[in-house]
Amino acid sequence: MFAVENPLGSTMRYFQAKISENRVLGGGYFVLRLSGCGSLAAANPGQFVMIRGDWGRDPLLPRAFSLLAVGPGGTADILAKTVGRGTALLERSLPGAEIDVLGPLGSSFPEPQGDTTDLLVAGGVGLPPLYMQAALAADRRQVARSEMIYGGRGGDDLVLLHEMRALGLNLFLTTENGAVGTKGLVTRALEARLEHHRGTPLRVMACGPNAMLWAVARIARDKGVPCFISLEEQMACGIGVCLGCAIPARSRPYRYVCSNGPVFDAADVLDVDGQPGPAVPAACPA
Amino acid sequence: MFAVENPLGSTMRYFQAKISENRVLGGGYFVLRLSGCGSLAAANPGQFVMIRGDWGRDPLLPRAFSLLAVGPGGTADILAKTVGRGTALLERSLPGAEIDVLGPLGSSFPEPQGDTTDLLVAGGVGLPPLYMQAALAADRRQVARSEMIYGGRGGDDLVLLHEMRALGLNLFLTTENGAVGTKGLVTRALEARLEHHRGTPLRVMACGPNAMLWAVARIARDKGVPCFISLEEQMACGIGVCLGCAIPARSRPYRYVCSNGPVFDAADVLDVDGQPGPAVPAACPA
Amino acid sequence: MSAAVNLAIETGGIAFRNPILTASGTFGYGKEFEGLTDLRAIGGLVTKGISPKPRFGNATPRICETASGMLNSIGLENVGVEGFERDKLPFLRECGTRVLVNFFGATFDEYVDCGARLDALDGVDGLEMNVSCPNIKAGGIEFGTDPRVLRDLVRACRAVVKKPLWVKLTPNTSDIVALAVACAEGGADGLSIINTITGMAIDARTRRPKIATIFGGLSGPAIKPIALRMVYQVRRAGVSLPISGIGGIQDATDAIEFFLAGASTVQIGTQSFVDPDASGRIVRDLEARLAADGIRDVRELVGALSVG
Amino acid sequence: MSAAVNLAIETGGIAFRNPILTASGTFGYGKEFEGLTDLRAIGGLVTKGISPKPRFGNATPRICETASGMLNSIGLENVGVEGFERDKLPFLRECGTRVLVNFFGATFDEYVDCGARLDALDGVDGLEMNVSCPNIKAGGIEFGTDPRVLRDLVRACRAVVKKPLWVKLTPNTSDIVALAVACAEGGADGLSIINTITGMAIDARTRRPKIATIFGGLSGPAIKPIALRMVYQVRRAGVSLPISGIGGIQDATDAIEFFLAGASTVQIGTQSFVDPDASGRIVRDLEARLAADGIRDVRELVGALSVG
Ligand SMILES: Cc1cc2nc3c(=O)[nH]c(=O)nc-3n(C[C@H](O)[C@H](O)[C@H](O)COP(=O)(O)OP(=O)(O)OC[C@H]3O[C@@H](n4cnc5c(N)ncnc54)[C@H](O)[C@@H]3O)c2cc1C
Ligand SMILES: Cc1cc2nc3c(=O)[nH]c(=O)nc-3n(C[C@H](O)[C@H](O)[C@H](O)COP(=O)(O)OP(=O)(O)OC[C@H]3O[C@@H](n4cnc5c(N)ncnc54)[C@H](O)[C@@H]3O)c2cc1C
Ligand SMILES: Cc1cc2nc3c(=O)[nH]c(=O)nc-3n(C[C@H](O)[C@H](O)[C@H](O)COP(=O)(O)O)c2cc1C
Ligand SMILES: Cc1cc2nc3c(=O)[nH]c(=O)nc-3n(C[C@H](O)[C@H](O)[C@H](O)COP(=O)(O)O)c2cc1C
Ligand code: FES
Ligand code: FES
C-alpha cells in the first residue's frame with residue numbers, strides 16, 4: 001500500500017548512454033530513446049533519471065525525467081516537453097549524441113494488484129510514470145484493472161494515445177479547450193470515475209503539475225481512497241545530498257522529492273500546504 | 001603598399017546566417033559554408049567575421065574567423081580548426097543551424113599587382129585569408145605572380161591542396177615531421193623563395209601563429225621586402241569597443257587587432273616585441 | 001507594439017525615452033555601434049570612462065573568457081577630457097539619445113577636475129563616477145570600498161558638478177548598503193550597481209595569468225545573481241537614490257528582474273559584445289512583453305518584487 | 001598511470017592521499033556517493049555543516065540554477081552533533097578516506113560547544129569552521145566578515161579543538177586578506193577559500209524571488225574567477241596558512257589552476273551534482289596529466305604561478 005522507497009544506492013548507477021532515437025511528437029513533446037541503459041532494466045514505474053547532454057557549462061545541472069519505458073537490450077525511453085533551455089537542447093539532440101545518466105532514482109508507484117482498480121491520473125507531461133505503470137499492468141495481464149485519466153490544455157498535449165490503446169488501456173481524455181475528449185480538468189473526470197467505481201477497491205496514482213496533484217489528493221482523501229502522487233521540485237543532485245528538493249511534509253518538517261519520492265503516499269505530504277518548516281535565520285546562504 | 005584599413009562601420013552588418021554545409025576535413029579542420037551572407041559579398045582577403053552559434057550562455061563571446069571565400073548567392077566559407085569549446089561546437093554543427101554573424105570586419109591584404117610577386121605564407125589554420133588572396137589573384141589572372149608557402153605540424157594540417165592546385169597556384173608545402181612537402185618550418189621555405197626571387201619586386205603576406213608571424217616579419221625586414229601579417233589576439237567585440245585586442249605597436253602604445261588589423265604592415269608593429277605600453281596602475285580592473 | 005505602453009522614465013535627474021541604457025566601456029563612444037543598433041531607440045548611453053588626461057591602458061593580453069562571463073583589465077584606456085570633447089562629443093550631441101559620461105581620476109583632485117570639466121560640456125546629460133579605481137595614495141585600494149572616502153569623494157565632486165551625478169558602486173565589498181548610503185550623504189543623484197567583480201584566470205599550461213595585470217574585472221551573466229542581490233539590498237534598505245541596474249543583462253526578462261529588484265534603469269554591458277544589437281533588441285522586446293502582459297507603464301515594475 | 005607521480009600531500013595538519021577533497025554540503029555524509037565515486041581514491045571529504053542541535057533548514061524552494069552556477073539556501077539543515085555521531089560517523093570511520101567535519105553555530109558559544117564535541121569524536125581527522133553564518137547578536141551580519149570578530153571566534157574554538165582546525169572564509173568581503181590574517185592570528189591550521197557568494201534570482205513572471213529566503217549562495221563555474229583571485233591574494237600576501245581552494249572546480253585543469261594560485265588542496269563542490277564521479281575522475285585525470293607532463297610531485301604546482 002505504500003510507495004516503494006528505493007533504498008539509496010541500491011542499484012543506481014552513473015553512466016554514459018547514447019541517444020538512439022528522437023521522436024518528435026509536436027507541441028514541444030518528444031520521446032528520446034537511450035541505448036546503453038542496461039542498469040535501468042529493473043527500474044519501476046515512477047522512478048526517474050537525471051540526465052545531461054554534452055553541452056558545456058550552461059545549463060549546468062542535470063535534468064530530472066521520469067522513465068517512460070525500459071526495453072530489452074538496455075534501451076530506456078523518456079517523454080519530455082520543451083519548457084526551457086535544457087529541454088530545448090534535448091529536443092534538438094540527434095541520434096548518436098552522448099548523454100550522462102544517473103539512475104534509476106527515487107521511489108515508485110505500488111505494484112498493480114489483481115483485486116484493485118487503479119485510476120491513473122496524468123496531467124500533460126506527467127504521463128510517463130503512469131504509462132509505465134499501465135504497461136506493467138498490461139504485462140501482467142491486469143490492465144483491465146487500470147484506467148487512465150489523461151488531460152492537457154489542448155489536443156497537442158495528449159500524446160502516445162495510440163500506444164496506450166494498444167496496451168488495452170481504458171482511456172479517459174480531457175482537454176481544457178475541449179479539442180479532444182471531455183472539456184475540463186482531469187479532476188472532474190476523476191470524480192466521475194471515483195463515483196462510477198464507488199464501493200469497489202480503488203487506488204489513485206497521479207503525476208502532473210503539483211497544483212493538480214494537490215487537487216487530486218484532496219479528492220481522493222475526501223473519498224477515502226488511497227492516493228499516490230509523483231511530485232516535482234527543483235533538483236540539483238537527485239540523490240539526497242544537496243537537500244534542495246525539500247517539500248514540507250506531514251510527519252516531519254521536510255521530505256525530499258529525489259530520495260523519499262518522487263512518489264509519495266499523499267497522506268504523508270498532503271496536509272502541509274507549502275508552509276516552511278521550523279523558523280531559521282532567514283539569510284543564511286547555505 | 002599599405003594594408004587596407006576598413007573604415008569602421010563602412011559595410012559591416014550584424015545578421016543571422018545559416019550553416020548550409022559542414023565539410024569535415026580531418027585533423028580537426030572543417031569548412032563551414034554559411035548562407036544568407038550577402039552583406040559579406042564585398043569583403044576583401046584578410047577580413048574576418050565574429051560568429052556565434054545558438055548555444056546559450058557558455059561559451060559566451062563570439063569567435064573570430066577569417067573569411068576563406070565569399071561566393072555568389074550570399075554564401076561565405078570559413079575554414080576552422082577545433083582548438084577549444086567554441087570551435088568544437090561549430091565542428092559538430094549541422095546544416096540548417098543558425099549562426100549570428102558580424103562582418104566583414106578589419107583590414108585586408110593589399111591587392112595583387114601585376115608587377116610584383118606575392119609570397120603568401122600560411123601556417124596551419126592561418127590559410128584562409130591567403131587562400132582568398134590567391135583566389136582573388138587567380139580571378140584577375142595574376143596567380144602566376146603568387147606563391148603559397150604553406151606549412152603545418154603534419155600532413156593533416158595541410159588542407160584544401162586540391163583546391164589550391166586548381167587555382168593554378170604555385171605551392172610550397174612544409175611539415176614539421178616531414179610527412180608532406182619539405183621537412184621544416186615555413187620560415188626556411190620562405191628564405192629559399194626570397195633567395196630565388198632576389199632582385200625582383202616582392203611582397204610577403206602571412207597568417208598563422210603570432211610567433212611564426214614575428215619570424216616571417218623579421219626575415220622580410222632583413223631582406224628589405226614589404227611584409228603584411230594578419231595577427232591574432234583575444235577578442236570580445238570585434239569592432240574597436242572593448243579595447244581587449246590591443247597589441248603593442250611601433251608608432252603608438254597600442255594598436256587594435258580588430259579595427260586597425262588584423263592585417264598590419266609588419267613595419268608598423270614589428271619592433272615592439274610584446275612589452276606593455278606606458279605604465280598604469282596595475283590592478284585597475286576595467 | 002501597442003502605443004499604450006509607456007517606457008519613458010525620469011530618474012536620477014534625467015528624462016529617458018526608456019530605461020535601457022548601455023554600460024560604460026562596452027559601447028565605446030556610441031559611434032562604433034552606428035548601423036548595428038538604433039541609437040535613437042535606446043534610452044541612453046554611458047561612455048567609456050574618461051580621465052583628465054588620455055590613458056593608454058594596461059599591458060596585453062587584456063581580456064579572457066570565463067564560464068558565462070569574461071575578465072577584462074583594459075586599464076581605463078581613454079581619450080581624456082580634451083580628446084573626448086574634440087573627437088567624440090560632436091557625434092554624441094547628434095546621436096539622438098541621452099549621454100552620460102563615465103569618469104574617474106587617479107587622485108581626489110583628478111576626480112574633481114574631471115567632473116568639473118565634463119560638467120561644463122554641452123551635450124552631456126549627466127555624469128557617472130567610476131569609483132572602482134585604485135586610490136594610489138591609499139596603497140591602491142579602490143576609492144569606492146571605504147564608505148567615508150567614498151562620501152567625501154562624492155561630496156567634493158558634487159560641489160563642482162551641476163548636472164545629474166550618478167555614482168557607480170563597486171561590488172567588491174561586504175556591505176553594499178553602506179556604500180550606497182555614503183553616496184546619498186555625499187549628494188549623488190543616482191547609483192549605478194554594479195561595476196565588475198575582481199577576478200582572475202590562469203592558463204594551466206603556461207602557468208601564467210591569462211591577463212597581463214593578473215587581476216581583472218568579471219562581467220557577464222555569471223555575475224547577474226550578485227548584481228541583482230546588491231540592487232535589491234540597496235532598495236530594501238530604503239536608500240533614497242534611484243538605481244541603474246547593471247550586471248549580466250542579456251534580454252528583456254533580465255531587465256525586468258532588475259526593475260522588480262528596484263532598478264529604475266538598466267545598463268547593458270558585455271551583452272553588446274555578444275550581440276551588438278542587444279540594447280535595441282531589449283527595448284523592442286521589453287515593449288512587446290509589457291504590451292502582451294497588459295502592463296501600461298514600465299514604472300509599475302520598479303521595486304515590484306513580491307516577497308510576502 | 002606512472003607510479004612515479006606523487007599526489008600525496010600533508011597540509012593543514014592532515015596527511016592526504018591526494019589533494020582532491022569534496023566540499024561541504026555537496027557530498028552529504030559520504031555514504032550517498034557509494035557506488036558513484038570511489039571514496040578510497042579521493043583525498044578526503046568534508047561533511048555537511050554540523051551544528052550542536054539538528055536543524056531543519058530553510059523554507060522551500062531552496063535552489064535554482066543560474067548562468068553556469070546555482071543558488072542555494074538550504075539553511076544549514078543537518079543532523080546535529082549527536083545524530084552525526086550516531087548515524088553518520090560509523091560509516092565515515094570505515095570509508096577509507098580523510099574526514100573533515102564542517103561545523104557552525106548560531107552564537108559564539110554554539111561554535112565553541114560544537115567544535116569541542118566534534119573534536120572528541122574518533123574518526124574525525126579535522127574540523128572546518130563555516131563562518132558564513134549570520135551572527136544573530138550582531139544583527140545577522142555573517143560572523144566571518146569582521147576580522148576582529150573572526151579572530152576572536154577562531155581563537156575561542158582553537159582553545160578547545162586539538163585536531164586540525166580549518167576556517168572557511170566568506171567571499172562577501174572587500175578584503176579577503178584581512179580575514180585570512182585574522183584566522184592566522186586566531187590560531188587556525190588552514191584556510192578554505194571560498195564559501196558561496198550571496199546572490200539572488202527573480203522569477204519575472206511571478207515577480208517573486210526564485211528561492212524562498214530571497215538570498216542564497218552562488219556556487220559553480222560562474223564563481224571560479226573570484227575564488228581563484230581570493231586564493232591568490234591570500235597566498236601573495238604571505239599568510240602562512242595552507243589553503244584549500246574551492247569554487248567552480250569542474251576538472252583536473254581547474255584543480256591545477258588553484259594549485260598554481262597557491263592552494264595545496266582543492267574541494268569539489270557543485271560539480272558533484274553535475275557528475276557524481278567528479279572527485280574520483282579529477283584524481284584520475286590529475287595523475288594522468290602530471291604523468292604526461294613529467295611532473296613527479298603535485299606539490300611542485302602549489303603556488304607555482306609565474307607572474308614575471
Ligand atoms: C522527479 C521528476 C520527474 C520529471 N519527469 C519529467 C518527465 O518525464 N518529462 C518532462 O518533460 N519533464 C519531467 N520533469 C520536469 C523536468 O525536470 C523539467 O521540465 C526540466 O528540468 C526543465 O528543464 P529546462 O532546462 O528545460 O527548464 P528551465 O526552466 O530552463 O530550468 C531551470 C531549472 O529549473 C528546473 N526545473 C524547471 N522546471 C522544472 C520542473 N517542472 N520540475 C523540476 N525542476 C524544474 C530545471 O531542472 C533547472 O534546474 C520531471 C521533474 C522531476 C522533479
Ligand atoms: C582575426 C582572427 C581571425 C581568425 N581566423 C581564424 C580562422 O580562419 N580559422 C580558425 O580556425 N581560427 C581563426 N582564428 C582563431 C579563432 O578565433 C580561435 O581558434 C577560436 O576563437 C577558438 O575558440 P574556442 O572556443 O574553440 O577556443 P577556447 O580556447 O575555448 O577559447 C577561449 C577564448 O579564447 C579565444 N581564443 C582562443 N584561441 C584564440 C586565437 N587563436 N585567437 C584569438 N582568440 C582566441 C576565444 O575566442 C575565446 O574567447 C582567428 C582569430 C582572429 C583573432
Ligand atoms: C571591456 C569592459 C570595459 C569596461 N570599462 C568600464 C569603464 O571604463 N568604466 C566603468 O565604470 N565600467 C566599465 N566596465 C564595467 C561595465 O560598465 C559594467 O559595469 C560591467 O561590465 C557589468 O555589466 P555586464 O555584466 O552587463 O557587462 C567595463 C566592462 C567591460 C567588460
Ligand atoms: C547545496 C550546497 C550546500 C552547501 N552547504 C555548505 C555547508 O553546509 N557548509 C559550508 O561550509 N559550505 C557549504 N556549501 C558551500 C560549498 O562547500 C562550496 O564552498 C561552494 O559551493 C563553492 O564551491 P563550488 O563552486 O565548487 O560548489 C554548500 C554549497 C552547496 C551548493
Ligand atoms: S535533488 Fe538534491 S537532495 Fe534531492
Ligand atoms: S575585439 Fe574589442 S576592441 Fe578589438
Side-chain angles (χ1 to χ4, degrees), chain C residues 64 66-71 141-142 144-146 170-175 197-209 214-216 218 220-233 236 248 250 252-261 289 293 301 304-308, chain D residues 64 66-71 141-142 144-146 170-175 197-209 214-216 218 220-233 236 248 250 252-261 289 293 301 304-308:
Chain C
C64 75
T66 66
S68 293
M70 65 176 283
L71 287 172
I141 292 174
E142 290 176 23
T145 50
D146 181 327
T170 171
N172 297 310
T173 177
S174 57
D175 192 352
I197 305 178
T198 307
M200 173 176 181
I202 293 174
D203 183 327
R205 208 179 36 79
T206 62
R207 299 191 179 183
R208 301 184 62 83
I214 307 178
F215 303 130
L218 183 64
I223 69 169
K224 194 184 79 170
I226 301 171
L228 215 43
R229 181 259 294 183
M230 290 187 165
V231 168
Y232 180 67
Q233 284 179 322
R236 189 176 63 164
Q250 297 201 290
T253 305
D254 291 337
I256 290 172
E257 291 167 22
F258 275 87
F259 297 142
L260 294 171
R289 172 79 171 267
D293 291 356
L301 296 175
L305 187 72
S306 140
V307 295
Chain D
C64 75
T66 65
S68 293
M70 64 176 282
L71 288 171
I141 292 175
E142 290 178 22
T145 49
D146 181 327
T170 171
N172 298 310
T173 176
S174 58
D175 192 351
I197 304 178
T198 307
M200 173 174 181
I202 293 174
D203 184 328
R205 207 179 35 80
T206 62
R207 299 191 179 182
R208 302 183 61 83
I214 305 178
F215 302 130
L218 183 63
I223 69 169
K224 193 183 78 169
I226 302 171
L228 215 43
R229 181 259 295 183
M230 291 187 165
V231 168
Y232 180 67
Q233 283 179 321
R236 190 177 62 164
Q250 296 201 289
T253 305
D254 291 337
I256 290 172
E257 291 168 21
F258 276 88
F259 297 143
L260 294 171
R289 173 78 171 267
D293 290 355
L301 296 175
L305 187 73
S306 141
V307 295

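Source: prediction; values computed, not measured. Proteins get letters first, then strands, A, B, ... in listed order; numbering begins at 1 in each.
For chain D, the nearby part of I214(C) is the side chain; its heavy atoms alone come within less than 4.5 Å. Residue T66(C) touches chain D through its side chain alone, counting heavy-atom pairs closer than 4.5 Å. Looking at L218(C), the atoms closer than 4.5 Å to chain D (heavy atoms on both sides) all sit in the side chain, from C-beta outward. Using a 4.5 Å cut-off between heavy atoms, A201(D) contacts chain C through its backbone alone, with no side-chain atom that close. Within the 4.5 angstrom heavy-atom criterion, no atom of I223(D) approaches chain C. Of the atoms belonging to L228(D), heavy atoms from both backbone and side chain fall under 4.5 Å from chain C.
Minimum interatomic distance between A222(D) and P225(D) (heavy atoms only, all atoms of both residues): O-CD, 3.5 Å. The minimum heavy-atom distance between G216(D) and L71(D), with the atom names listed, is O-CD2, 3.8 Å.
Residue with the most contacts toward chain C among I202(D), L301(D), T170(D): I202(D) (heavy-atom pairs, distance under 4.5 Å). Heavy-atom pairs under 4.5 Å with chain D were tallied for D293(C), D254(C), T145(C), I226(C); the largest tally goes to I226(C). Contact count against chain C (heavy-atom pairs under 4.5 Å) is highest for S306(D) among G248(D), S306(D), G220(D), A67(D). For chain D, the option among A227(C), A261(C), G69(C), A204(C) with the highest count of heavy-atom pairs below 4.5 Å is A204(C).
Between the CG atom of L305(C) and the CZ atom of R208(D) there is a distance of 8.0 Å, given to the nearest 0.5 Å. Here OG1 of T173(D) is found 6.5 Å from CE of M230(D). Values are rounded to the nearest 0.5 Å. Taken from CG in L260(D) to CZ in R207(C), the straight-line distance is 6.0 Å, to the nearest 0.5 Å.
Side-chain contact between V231(D) and M200(C): absent, with no pair of heavy atoms (C-beta onward) separated by less than 4.5 Å. Residues R236(C) and V307(C) are not in side-chain contact: their nearest non-hydrogen atoms beyond the backbone lie 4.5 Å or more apart.
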